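Contents: one structure, followed by commentary.
The model shown is predicted, which means the values in this text are computed figures rather than measured ones. Below, read A as the first sequence line, B as the second, and so on, with proteins coming before strands; counting in each chain starts at 1.
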Amino acid sequence: MDLADSPEDAEFRARLREWLGKALPALPPKPSPDDWPGRRAYDLGWQRTLYDAGYADVHWQASPGVRLIFLEETERAGAPYVGAGFVGLLHAGPTIAAEGTAGQRARWLPPILRGEEVWCQGFSEPGAGSDLAALRTRAWRDGDDYVVSGSKIWTSHAEVADWCELLVRTDPEAPKHRGITWLAMPMDAPGITVRPLRTLAGSAEFAEVFLDEVRVPVGHRVGEENDGWRVTMVTLSFERGTAFVGEVVACRRVLGELAVEARRNGRWDDPALRRRLGGLNAEFRALWRLTQWNVSEAEAAGGLPGIGGSVFKLRYSQARQDLYDTAADVLGDASLDTDRPWVHDRLSSLSYTIAAGTSQIQRNIVAERILGLPKGR
Amino acid sequence: MRFRLTEDQRALRDGVRALLARRFDRAALRAAVDRPGRLDRALWRELGAAGFFALRLSEADGGVGLGLPETVLAFEEAGRVLLPGPLVATHLAAGRVPGAAEGETVVTAVDGGGLVEWLTAADVVCGAADGAVPLRSVDPLTPLHRLPGGSAAVDPVAVLLTAAEQLGTATRACELAVQHARAREQFGQPIGAFQAVKHLCAELLVRVEVARAAVYAAAVTADPADIAAARLLADEAAVRGARDCLQVHGGMGFTWEADVHLLLKRAWLRTRRAGGGTESEELLAADLLSRAAR
């Protein structure tokens, strides 16, 4: 067991740190959260900067250990995360790289890496959340096109996306996992309506996407027809190992800020609150170690992320909610003022036990696939 | 960074596991419950001969010359089978008290919080135990005395090795719960097919894995804040794990015959070592401020 960087890792970290020190001061000012075109330009600009410096494909090429260092150092330095590049870099891109033809890889991958095209994800539907395979958006062949009708929900960055990785049902007669196909849909095709979806936090991070006989060329299909579920599983497992690295680093910083604020406003004198902060320190230290453990295991398994991601996500999503509930305790009445720091984070933390597989679904996965308990209802 | 067990560490863990499976199986555990207060000296010597107490002693001093990570793995195995005796105190006395390293001398210690385990059975007591009062111990496998007065200084290594024992007990609780959930049938199916039971088992595993990462990392860094974190998470994994394991066992779990209560009682006892977890929480709270100031 070893937690220290290898000489190569230490060199990668030092070089990255030095580069971040020079690159970050040159960043333009951050756009406002409602300025979608501004956010797109900002996020893609950062991706272009990474590309020019040779870091664009760190999520795809590098070992999990190098990815961990990259995410840790960029978060520590306050660099932007992938933003609008999320689906392209962490979902659609890796899927195309693994399952696409040579022509598809050449068409779609370079613009993702260069920060030129934005992807969104059309997976969830109003009737298909945890039970994603129950999706009903239909696609049927008409010559060299698929014609697609249906609706998608929880699509982030849909307003500014160029492409949508879309799951459609191509065989309604087959068992539900076997009749699904993965398509790359151009977002400027006729018949697409995007409607912003306001969340409980008041912001419109997501959208609903309505599809009315949208034509998608057959050449935009990745993988075989009706093999989309398997193709999608490649995508879904890709980011599990390192998905929350930056966030855990950020949570540990917030925890320090909370302690300082509690000391300033006198709440620190309450032993119960102080002990709760101490307990959260233990919690996030352990989550950081669990990340390092999972990454080391993934590295030993040839870079494949393991099932440890479900264990991590269960605990982390709860810890994040506890962190911001404790922040509200530190703030007191100010926790009701949405202009104060941490209040918006408290609201958005509520999605963590739901998004990307609810905690209940994650527990089923852990119980059935790791502990080997029987499937049931 | 290679934060996983090396081949040698795996081999060491498997060796300790095999020794304990041979010398302290379930029958031995239940026999020990029926003979409270008696320590198996032959087993103690066998542990000594296998290097259990001398793991961190240098080879020049007749020890095994390994580090905290290996020691933590050995103590985890001991915790997994609820091995009785003042294991931590004897390990810490190796090289300082004659015969401790070899398992010839049983050493106990006045714990940081004022508790003394196995006082009557031990050959040597580290710390002043005068005036120690016996308690009727909740754990049938750990005789207890308590000093009415103050408490002694706390050795972080003792805290870490206790966390390793808790981790082992938590792992065992998870295994027993899953075994029972697969075997026990109600309403015509294994109870493990019900989500309510499944989710208890899943949470058991999550707490074990989080605690494992914290305990192993603390063994690598030996940092006081990492050790405090390991302690809190391992205590939680063991106590809540044993509670949930008991719940999964239903009525069976409330009997003396089932082993679950032995897990819970030992886990409770260990949470009181070194004055309880409050000190660890305060240490970690103070650590937040000192790190923020840096």
Worked verdict on A:Val366 versus B:His199 for side-chain contact (heavy atoms from CB on, under 4.5 Å): CA-CA 9 Å; A:Val366 169; B:His199 289 190; over 6 Å; no

Heavy-atom proximity to chain B below 4.5 Å, by part of A:Trp268: side chain

Verdict with supporting geometry, A:Arg363 and B:Leu200, side-chain contact (heavy atoms from CB on, under 4.5 Å): CA-CA 9 Å; A:Arg363 287 189 193 105; B:Leu200 278 178; over 6 Å; no

Over all atoms of both residues, closest heavy-atom pair of A:Leu371 and B:Ala202: CD1-N, 4.1 Å

Validation row: A:Pro271, B:Thr278 side chains within 4.5 angstrom (heavy atoms): no

Segment of A:Ile69 engaging chain B (4.5 angstrom heavy-atom cut-off): neither

Rounded distance (nearest 0.5 Å) linking atom OH of B:Tyr216 with atom CG of A:Leu3: 13.5 Å

Nearest heavy-atom neighbours spanning A:Ser296 and B:Met1: OG-CE, 3.6 Å

Straight-line distance of A:Leu373 CG to B:Phe194 CZ, nearest 0.5 Å: 12.5 Å

Salt bridge B:Lys198-A:Glu368, side-chain N to carboxylate O under 4.0 Å: yes

Salt-bridge present (B:Arg4, A:Asp2; N to O < 4.0 Å): no

Option that, when pairs with chain A are counted at under 4.5 Å, heavy atom only, ranks first among B:Ala285, B:Cys201, B:Ala286: B:Ala285

Residues in salt bridge (charged side-chain N to carboxylate O under 4.0 Å, His left out) contact with B:Asp287, at least two apart in sequence or another chain: A:Arg285, B:Arg291

Chain B contact via A:Arg263 - side chain, backbone, both or neither, heavy atoms under 4.5 Å: side chain

Chain A neighbours within residues 158-171 of chain B, where any heavy atom lies under 4.5 Å away: none

Residue selection (most heavy-atom pairs with chain A, distance under 4.5 Å) from B:Ala293, B:Gly192, B:Ala292: B:Gly192

Interchain contact, B:Ala228 with chain A, by part (heavy-atom threshold 4.5 Å): neither

Heavy atoms from other residues, nucleotides or ligands near CD of B:Glu185 exceed 12 (cutoff 6.0 Å): yes

Flag side-chain contact, heavy atom, 4.5 Å: B:Glu209 against A:Arg315: no

Smallest separation among heavy atoms of A:Arg289 and B:Ala214, with atom names: CB-N, 4.5 Å

Best-contacting candidate, A:Leu258, A:Leu314, A:Leu255, against chain B by heavy atom pairs under 4.5 angstrom: A:Leu255

Under 4.5 Å from a heavy atom of chain B, the part of A:Asp9 involved: side chain

Interface moiety of B:Arg231 toward chain A, non-hydrogen atoms closer than 4.5 Å: neither

Short side-chain to backbone donor-acceptor contact, A:Asn281 and B:Leu284, under 3.5 Å: yes

Atom pair CD/CD of B:Gln195 and A:Gln360 - distance to nearest 0.5 Å: 8.5 Å

Contact origin within B:Ala225 toward chain A - heavy atom pairs under 4.5 Å: both

Compile the donor-acceptor pairs under 3.5 Å between side chains in residues 14-21 of chain A and protein atoms, sequence neighbours left out, one pair per line.
unit_1	atom_1	unit_2	atom_2	d
A:Arg17	NE	A:Glu73	OE1	2.8
A:Arg17	NH2	A:Glu73	OE2	2.9

What pairs of donor and acceptor atoms, side-chain ones from residues 5-14 of chain B against any protein atom, are under 3.5 angstrom apart with sequence neighbours left out?
unit_1	atom_1	unit_2	atom_2	d
B:Thr6	OG1	B:Gln9	N	3.1
B:Thr6	OG1	B:Gln9	OE1	3.4
B:Gln9	OE1	A:Met1	N	3.1
B:Gln9	OE1	B:Thr6	N	3.0
B:Gln9	NE2	B:Glu70	OE2	3.0

Among the listed options B:Leu232, B:Leu205, B:Leu204, the residue most often paired with chain A at heavy-atom distances under 4.5 Å: B:Leu205

Top contributor to chain B interface from A:Leu290, A:Leu277, A:Asn364, A:Val260 [non-hydrogen pairs under 4.5 Å]: A:Asn364

side-chain contact (heavy atoms from CB on, under 4.5 Å) between A:Phe312 and B:Val206, worked out: CA-CA 8 Å; A:Phe312 179 89; B:Val206 169; over 6 Å; no

Side chain, backbone, both or neither of B:Glu175 within contact of chain A (heavy atoms, under 4.5 Å): neither

Exceeds 12 heavy-atom contacts within 6.0 angstrom, atom CZ of B:Arg243: no

Top contributor to chain B interface from A:Ser359, A:Ala286, A:Gly65, A:Gly279 [non-hydrogen pairs under 4.5 Å]: A:Ala286

